[in-house]
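Notes follow once the structure below has been shown.
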Amino acid sequence: MKTPQTARTGVYKEIASVSNPIIKDLRGLSMRKNRQATNRFMTEGLKLVAAGCEAGWTLSIFLFGEKAASNQLVMELAALSKSRGGMVLKVSEPVLQKLSRRDNAQTVIGIFEQALTPATAIQAKAHSLWVALDGVKDPGNLGTIVRTADAAGATGIILIGETTDPFALEAVRATMGSIFSLPLVRFSRTEFAEFAKTWSGLIVGTHLSANTDYRAPDYRQPAILLMGNEQSGLDDDAVALCTDLVRIPQRGRADSLNLAIATGIMLFEMQRDDLILE
């Protein structure tokens with residue numbers, strides 16, 4: 001990463017107390033209402049913070065601990081953040097642990113500004129594959145799906161209705177940095193239903209009552225993979241939007257698959273021809 005300068009003492013402010021007002025405000029980012037009010041979210045770890053900066057996301061606040069002060073990349077990120085108008089904080093170990101709520105707190109934390117993509121970005125272009133998630137509740141599942149979609153080369157993620165916040169810390173952790181790689185579009189259920197009427201490609205949903213094997217359709221056209229929530233899957237309204245309903249066959253006694261696993265199976269099958277060609 002190229003930066004204008006390395007960080008020097010004076011570039012950052014030092015905070016040792018967990019009761020510092022700035023730290024109290026950052027702790028508030030654990031709540032969705034505060035993330036929405038500030039348009040910010042937290043990510044942990046040098047690799048993830050660097051990935052966000054490389055992807056061009058705005059790093060509002062960069063925090064690092066004493067153990068990371070000698071790391072060259074940490075100092076470069078500090079200088080980069082400062083040069084772009086961000087705040088740089090050198091903090092104590094207790095502060096890091098308080099913010100991350102983990103015993104093995106990372107030595108680097110980044111506070112980024114949220115970025116959602118407008119719905120107009122969803123175009124039925126060749127090889128486009130969007131993942132639409134309707135009412136997904138678990139942030140770990142959501143983050144894993146974002147990571148898997150990134151690995152499979154999906155185009156982006158559509159968040160429908162009451163789907164959980166992708167900027168929750170648990171979700172961001174589970175993405176392993178892919179939160180910075182894929183466009184995120186949010187729809188209400190009514191907005192998605194209206195959009196679906198205009199979509200010229202496939203809308204594929206998984207359903208236990210479907211008669212079509214998930215490997216059978218021809219996926220070589222623009223597609224949206226529509227997945228429901230963890231407990232009930234797709235409801236009748238969502239099923240009505242699908243052009244294709246498919247089933248992933250199971251041999252064991254389990255009555256269903258984990259949502260993130262099922263989504264991964266579908267994604268790699270829908271991308272199979274493209275992946276083989278590569």
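When a residue number appears, it is its place in the shown sequence, counting from 1.
Donor-acceptor pairing under 3.5 Å is recorded for the side chains of Asn229 and Ser232. Neither side chain, Thr190 nor Ser188, offers a donor N or O lying under 3.5 Å from an acceptor on the other.
Ring geometry for Trp57 against Phe180 counts as perpendicular: the plane angle is over 60°, on a 0 to 90° scale with 30° as the lower cut.
Scanning all heavy atoms of the two residues, the minimum distance from Ala149 to Leu267 falls at CA-CD1, 3.7 Å. Nearest heavy atoms, Arg27 versus Leu99: CG-CD2, 3.7 Å.
By the 4.5 Å heavy-atom criterion applied to side chains, Ile122 and Ile158 are counted as neighbours.
Looking only at distances, a side-chain donor or acceptor of Glu230 sits under 3.5 Å from a matching main-chain atom of Asp138.
Between Phe112 and Phe167, a ring centre-to-centre spacing not shorter than 6.0 Å is recorded.
A salt bridge between Arg272 and Glu269 is present, with a side-chain N of the basic residue lying under 4.0 Å from a carboxylate O of the acidic one. Looking at Asp165 and Lys33, no side-chain N of the basic residue comes within less than 4.0 Å of a carboxylate O on the acidic one, giving no salt bridge.
Hydrophobic clustering (ILVMFWY, side-chain heavy atoms < 4.5 Å, transitive): Leu96 and Leu89 are in one cluster.
The line from CZ of Phe62 to OH of Tyr12 is 12.0 Å long, rounded to the nearest 0.5 Å.
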Run the side-chain donor-acceptor check on residues 45-52: report pairs under 3.5 Å with partners two or more places apart or on a different chain.
none

